[in-house]
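Let me begin by presenting the structure, written as structure tokens, before commenting on it.
Given the structure is predicted, the values throughout are model-derived calculations rather than measurements. Sequential numbering from 1 along the given sequence is applied to the chain's residues.
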Amino acid sequence: MAQKKIIHDVATGKTSVVDYTAEEQAIYDDYNSTEKVTARKLEQIREIRNQKLSETDYLAMSDNVISEEMKTYRQSMRDIPQDYSEADYDDLLARDEQGNLTHTVWSKP
């Protein structure tokens, strides 16, 4: 199905809706391909995971005694790629009305 775009002519003040050109449609289809959407979701998950790990890095320093709960949490962050498949990506990225991640894997002990 061809995508549409809105064109507004400032000179005349008229707005029209037209189909994408073949080139625009190809770019749109490529951007929204399953592979690329999945790759973007995985990248978001990696960024969140890395942020969560960096927030607790200070606990893993040699002069700190880290709790078992925190060790388990940090390990679960590192295990996300193995423990979750593409089918889980939307759940991992789900947020509530306030924008907070809702999946339990992100909950700190």
Side-chain angles (χ1 to χ4, degrees):
M1 178 174 153
Q3 296 299 311
K4 307 248 183 225
K5 62 182 173 182
I6 298 171
I7 298 177
H8 182 75
D9 187 331
V10 179
T12 65
K14 293 187 179 190
T15 301
S16 56
V17 178
V18 297
D19 289 337
Y20 275 11
T21 64
E23 181 182 356
E24 290 169 329
Q25 187 66 48
I27 292 168
Y28 177 87
D29 291 343
D30 180 58
Y31 181 81
N32 290 297
S33 68
T34 301
E35 297 81 21
K36 292 206 176 171
V37 169
T38 299
R40 286 194 301 273
K41 288 178 183 178
L42 184 57
E43 181 59 30
Q44 285 179 303
I45 291 166
R46 282 188 187 122
E47 287 175 12
I48 295 166
R49 179 201 60 192
N50 291 344
Q51 178 62 39
K52 298 285 186 185
L53 283 169
S54 72
E55 289 170 2
T56 60
D57 277 350
Y58 74 97
L59 295 171
M61 301 233 175
S62 62
D63 61 343
N64 263 336
V65 177
I66 190 169
S67 69
E68 284 303 314
E69 293 85 10
M70 189 53 69
K71 284 181 187 177
T72 302
Y73 170 76
R74 288 177 57 81
Q75 187 60 51
S76 72
M77 290 292 104
R78 291 189 294 274
D79 290 344
I80 286 173
Q82 300 87 261
D83 292 348
Y84 296 93
S85 69
E86 290 177 25
D88 301 310
Y89 291 176
D90 287 333
D91 291 335
L92 287 167
L93 294 169
R95 294 180 181 267
D96 63 18
E97 298 80 30
Q98 290 78 37
N100 301 312
L101 293 162
T102 57
H103 197 284
T104 57
V105 75
W106 305 120
S107 301
K108 287 183 190 170

Starting from the C-alpha separation in whole Å, work towards a yes-or-no answer on side-chain contact (heavy atoms from CB on, under 4.5 Å) for Ile66 and Thr56. CA-CA 10 Å; Ile66 190 169; Thr56 60; over 6 Å; no

Mark yes when over 12 heavy atoms from residues, nucleotides or ligands other than Glu47 sit less than 6.0 Å from its CD; otherwise mark no. yes

Decide if atom CD1 of Ile7 counts as having more than 12 heavy atoms of other residues, nucleotides or ligands within a radius under 6.0 Å. yes

How far apart are the closest heavy atoms of Leu93 and Ile48, and which atoms are they? CD2-CD1, 3.8 Å

Specify the closest pair of heavy atoms between Asp19 and Lys4, including all atoms of both residues, with the distance to one decimal. OD1-NZ, 2.5 Å

What residue pairs, at least two apart or across chains, pass ring pair (Phe, Tyr, Trp, His ring centres under 6.0 Å) with a residue in residues 77-109? Tyr84-His103

Pairs where residues 50-72 contributes a residue and the test ring pair (Phe, Tyr, Trp, His ring centres under 6.0 Å) is met, not counting sequence neighbours: none

Just verifying a value: how many Å separate [X] [atom1] and [Y] [atom2], rounded to the nearest 0.5 Å?
| X | Y | atom1 | atom2 | value |
| --- | --- | --- | --- | --- |
| Leu53 | Gln75 | CG | CD | 9.5 Å |
| Leu92 | Glu86 | CG | CD | 12.0 Å |
| Asn32 | Ile27 | CG | CD1 | 12.0 Å |
| Thr102 | Arg95 | OG1 | CZ | 9.0 Å |

Transitive ILVMFWY cluster of Tyr20 at side-chain heavy atoms under 4.5 Å: who else is in it? Tyr28

Could you state whether Leu59 and Met77 fall into the same hydrophobic cluster, counting links through intermediate Ile, Leu, Val, Met, Phe, Trp or Tyr residues with side-chain heavy atoms under 4.5 angstrom apart? yes

Exam field: side chain [X] to backbone [Y], donor-acceptor pair closer than 3.5 Å:
| X | Y | answer |
| --- | --- | --- |
| Asp88 | Ser85 | yes |
| Thr38 | Glu35 | no |
| Gln25 | Gln3 | yes |

In terms of side-chain geometry, is the basic nitrogen of Lys71 or Glu68 positioned less than 4.0 Å from the acidic oxygen of its partner? yes

Pick from Arg74, Lys108, Arg49: which one makes a salt bridge (charged side-chain N to carboxylate O under 4.0 Å, His left out) with Glu55? Lys108

